[in-house]
Peer 1: 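Take this structure, written in structure tokens, and hold onto it; I'll ask about it next.
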Amino acid sequence: MQYLHTMIRVSNLDDTLHFFCDLLGMVEINRKSNEKGRFTLVFLAAPEDEARAREDKAPMIELTYNWDPEEYSGGRNFGHLAYRVDDIYALCEKLQANGVTINRPPRDGHMAFVRTPDNISIELLQKGDALPPKEPWASMENTGTW
């Protein structure tokens with residue numbers, strides 16, 4: 001397992017980038033905007049992690065800016081922790097066998113979400129290419145939120 005990023009939702013992207021980049025000295029690594037989903041993702045790395053972040057896509061902070069204003073309460077502005085895993089199906093099977101709900105199953109062989117006992121969202125991402133679709137995951141519905 002490899003730590004990838006922590007996601008936080010931000011209400012003002014310019015103010016947040018000023019804080020992280022201008023004041024803390026973090027470096028913007030990547031930016032993605034999604035017109036259909038109406039959001040922008042900005043990935044930042046600490047200066048000493050820049051080379052690794054560019055090569056490995058980790059460790060980083062993911063800033064999620066939703067274009068439509070939203071009030072964040074109950075910790076919703078904190079998104080999730082993300083980890084790259086060797087076999088997403090095997091790990092989800094182990095978690096499920098131990099009573100963990102798979103909130104977003106790895107239907108695509110690439111991504112899943114689970115929650116910790118304290119309700120912190122954890123994103124699991126398959127290392128390398130997505131695995132071929134496999135049951136029971138391929139037809140499993142989402143459960144709850146992540």
Side-chain angles (χ1 to χ4, degrees), residues 1-96 98-131 133 137-138 140-146:
M1 182 181 290
Q2 180 185 31
Y3 172 76
L4 298 177
H5 63 261
T6 298
M7 184 271 268
I8 57 173
R9 289 179 178 84
V10 303
S11 56
N12 184 305
L13 187 56
D14 291 335
D15 288 350
T16 303
L17 287 171
H18 172 70
F19 174 80
F20 279 106
C21 297
D22 299 337
L23 302 180
L24 292 181
M26 295 188 78
V27 178
E28 184 172 327
I29 302 299
N30 191 18
R31 182 182 292 232
K32 300 174 187 175
S33 290
N34 184 305
E35 293 270 338
K36 185 177 179 184
R38 299 190 48 74
F39 64 86
T40 299
L41 305 179
V42 180
F43 292 86
L44 306 176
E48 291 184 24
D49 292 325
E50 182 178 358
R52 184 168 161 226
R54 291 190 188 282
E55 184 176 325
D56 296 339
K57 307 286 188 253
M60 294 189 287
I61 292 176
E62 173 189 333
L63 305 178
T64 297
Y65 173 67
N66 293 308
W67 300 353
D68 299 317
E70 184 177 338
E71 288 289 322
Y72 299 120
S73 62
R76 180 153 157 68
N77 59 323
F78 173 81
H80 59 261
L81 300 174
Y83 294 92
R84 183 176 295 123
V85 300
D86 289 329
D87 184 333
I88 197 164
Y89 293 143
L91 182 56
C92 285
E93 186 176 309
K94 176 182 178 180
L95 292 169
Q96 191 174 50
N98 283 276
V100 175
T101 299
I102 309 300
N103 300 103
R104 195 280 191 191
R107 288 184 293 275
D108 54 6
H110 174 69
M111 177 178 64
F113 277 90
V114 298
R115 286 190 175 261
T116 71
D118 293 306
N119 225 19
I120 303 291
S121 189
I122 305 291
E123 178 181 21
L124 304 173
L125 294 166
Q126 175 61 43
K127 184 176 185 177
D129 293 334
L131 299 178
W137 314 112
M140 188 180 287
E141 295 291 324
N142 294 341
T143 302
T145 60
W146 58 90

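Model, not experiment: these values are computed from the prediction.
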Peer 1: Is it the case that atom CD in Glu93 sees more than 12 heavy atoms from other parts of the structure closer than 6.0 Å?
Peer 2: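 It does not: Glu93 CD has 12 such atoms or fewer within range.
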Peer 1: Apply side chain to side chain contact (heavy atoms under 4.5 Å, CB included) to the pair Arg31 and Leu13, showing each step before the final yes or no.
Peer 2: CA-CA 12 Å; Arg31 182 182 292 232; Leu13 187 56; 4.0 Å; yes
Peer 1: Is any side-chain heavy atom of Asp15 less than 4.5 Å from a side-chain heavy atom of Val10?
Peer 2: no
Peer 1: Mark yes or no for whether Gln126, through its side chain, and Asp86, through its backbone, hold a donor-acceptor pair below 3.5 Å.
Peer 2: yes
Peer 1: Could you go through Phe78 and Ile120, starting from their C-alpha distance and side-chain angles, then the distance that decides it, and tell me whether this counts as side chain to side chain contact (heavy atoms under 4.5 Å, CB included)?
Peer 2: CA-CA 9 Å; Phe78 173 81; Ile120 303 291; 3.8 Å; yes
Peer 1: Taking all non-hydrogen atoms of both residues, which atom of Ala45 and which atom of Pro59 are closest, and how far apart?
Peer 2: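 Closest heavy-atom pair between Ala45 and Pro59: CB-O, 4.0 Å.
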Peer 1: Of all heavy-atom pairs between Thr40 and Trp67, which one has the smallest distance, and what is that distance?
Peer 2: OG1-NE1, 2.8 Å
Peer 1: Please list all pairs passing the side-chain hydrogen bond (donor to acceptor under 3.5 Å, both in side chains) test where one or both residues lie in residues 41-56, with sequence neighbours left out.
Peer 2: Glu50-Arg54
Peer 1: Heavy atoms, side chains only, cut-off 4.5 Å: are Leu124 and Leu95 in contact?
Peer 2: yes
Peer 1: Tell me which one of Arg84, Met7, Arg104, His80 satisfies side-chain contact (heavy atoms from CB on, under 4.5 Å) with Glu123.
Peer 2: His80
Peer 1: For a quick test of reading the model, state the closest non-hydrogen atom pair linking Leu41 to Glu62 and the distance between them.
Peer 2: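 For Leu41 versus Glu62, the nearest heavy atoms are CD2-OE2, 3.4 Å.
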Peer 1: Treating Ser121 as the side-chain partner and Trp146 as the backbone partner, does any N or O pair qualify as donor plus acceptor under 3.5 Å?
Peer 2: yes
Peer 1: Using the six-membered ring wherever Trp is involved, compare the ring planes of Tyr83 and Tyr3 and label them parallel, tilted or perpendicular (cut-offs 30° and 60°).
Peer 2: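 Because their plane-to-plane angle is over 60°, the rings of Tyr83 and Tyr3 count as perpendicular.
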Peer 1: Within the supplied structure, the quantity of interest is the number of heavy atoms (other residues, nucleotides, ligands) at a distance under 6.0 Å from Asp129 CG; does it exceed 12?
Peer 2: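 Incorrect, the count does not exceed 12.
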Peer 1: When you measure from the side chain of Arg107 to the backbone N and O of Pro133, does any donor-acceptor pair fall under 3.5 Å?
Peer 2: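 No, the answer is negative, given that no donor and acceptor are paired below the 3.5 Å cut-off.
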Peer 1: Do you know which two heavy atoms are closest between Leu44 and Cys21, and how far apart they sit?
Peer 2: CD2-SG, 3.8 Å
Peer 1: Mind checking the OG1-CD1 spacing from Thr6 to Ile61? Nearest 0.5 Å is all I need.
Peer 2: 7.0 Å
Peer 1: Should Phe19 and Met26 count as side-chain neighbours, where that means a heavy-atom distance under 4.5 Å?
Peer 2: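 In short, these two side chains do not touch, never coming nearer than 4.5 Å.
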Peer 1: List the steps, then state whether side chain to side chain contact (heavy atoms under 4.5 Å, CB included) holds for Leu63 with Ile8.
Peer 2: CA-CA 5 Å; Leu63 305 178; Ile8 57 173; 3.7 Å; yes
Peer 1: Quick one: does Asn66's side chain have a donor or acceptor within less than 3.5 Å of a partner on Asp68's backbone?
Peer 2: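 Here the side-chain-to-backbone pair does not exist.
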Peer 1: Just wondering, do Trp137 and Ile88 contact through their side chains at under 4.5 Å, heavy atoms?
Peer 2: no
Peer 1: Is there a side chain to side chain contact (heavy atoms under 4.5 Å, CB included) between Leu125 and Lys57 once you walk through the steps?
Peer 2: CA-CA 12 Å; Leu125 294 166; Lys57 307 286 188 253; over 6 Å; no
Peer 1: Does the Arg115 side chain pair with the main chain of Thr145, one donor and one acceptor, at a distance under 3.5 Å?
Peer 2: yes
Peer 1: Between CD1 of Ile102 and CG of Asn142, what distance do you get to the nearest 0.5 Å?
Peer 2: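 Spacing of CD1 (Ile102) from CG (Asn142) equals 11.5 Å.
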